[in-house]
Amino acid sequence: MTRATGPHPADAAPGTRYAAVRFAPGTAPALLGVAAHELRDRRTDLADLWPAARVRALAGHLEAADRPARVLDAWAARHAADRPAPDPRLLHLVPLLAAGTSVADAAATLGLGPRRLHQLSRETFGYGPKTLARILRLARARELAATGLCAAETAHRAGYADQPHLSREVRALTGLTAGELLRDSPDLP
């Protein structure tokens, strides 16, 4: 079993092309038909989740398409519209955590107890709110680094204790060095 809560290096041959869907946080379970935590740290074939005929139909559309990524995006958007939305409180969780709100404060703001927030977060995102907060903080650091901030200022503004803390989190979550991930900030290690 491979990890999704950490890095997953691709082992495809150079030049391999992919078409993929990037789901907005919390939207994949409704489209895929399974709680997110059931897929965490696994690489699962779509045929293990959906009827074979449905998977074949999608694969046929993608193989015949000149631009499979567009076909896949359109398909996902069409099917997502037919599915129930995630718990609306969790849609508010993402911006709260992305802004640096603590998990305890976010739970209180949403009117949820810590255990219920953890349960809903696992079902919707695949992991608890603390892991989600770490991922969102790393995304914030990438955005800040892209503006040209130095590494120490990027770490501070993103909410890390210091630059080494940022570097450890980058390695833990992506398997890359901070310099590899945040190339736009030249003084990162």
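- Here the closest non-hydrogen pair linking V94 and L136 is O-CD1, 3.6 Å.
- Between the side chain of R140 and the backbone N or O of A158, at least one donor-acceptor pair lies under 3.5 Å.
- Taking CG from L166 and CG from L182, the interatomic distance works out to 6.0 Å, rounded to the nearest 0.5 Å.
- For S121 against L90, the heavy-atom pair with the smallest separation is N-CD1, 4.2 Å.
- With hydrogens and angles ignored, the 3.5 Å screen pairs no side-chain donor or acceptor of T101 with any backbone N or O of L97.
- E143 pairs by the side-chain hydrogen bond (donor to acceptor under 3.5 Å, both in side chains) definition with nothing, not counting sequence neighbours.
- Residues R171 and L176 are not in side-chain contact: their nearest non-hydrogen atoms beyond the backbone lie 4.5 Å or more apart.
- Looking at E63, its side chain never comes within 3.5 Å of a backbone N or O of G60 through a donor-acceptor pair.
- Q119 and R122 are not linked by any side-chain donor-acceptor pair at a separation below 3.5 angstrom, with hydrogens and angles left out of the test.
- Two residues are said to be in side-chain contact when any heavy atoms from C-beta on lie closer than 4.5 Å; Y160 and E169 meet this criterion.
- D73 CG to R67 CZ: the interatomic distance, rounded to the nearest 0.5 Å, is 11.0 Å.
- Put simply, the side chain of L58 reaches to within 4.5 Å of the side chain of L62, judged on heavy atoms.
- Looking only at distances, no side-chain donor or acceptor of T131 sits under 3.5 Å from a matching main-chain atom of Y127.
- Separation of atoms CH2 (W50) and CG (L32) is listed at 6.0 Å; rounding is to 0.5 Å.
- Pairs engaging residues 151-168 under the salt bridge (charged side-chain N to carboxylate O under 4.0 Å, His left out) rule: E153-R157 [sequence neighbours left out].
- Side-chain contact between T154 and T147 is absent, with no heavy-atom pair separated by less than 4.5 Å.
- Identified under the salt bridge (charged side-chain N to carboxylate O under 4.0 Å, His left out) test for residues 88-98, with sequence neighbours left out: D87-R89.
- When hydrophobic clusters are built by joining Ile, Leu, Val, Met, Phe, Trp and Tyr residues whose side-chain heavy atoms come closer than 4.5 Å, directly or via intermediates, L93 is not grouped with L91.
- H156 contributes no side-chain N or O that, together with a main-chain N or O of A152, makes up a donor-acceptor pair within less than 3.5 Å.
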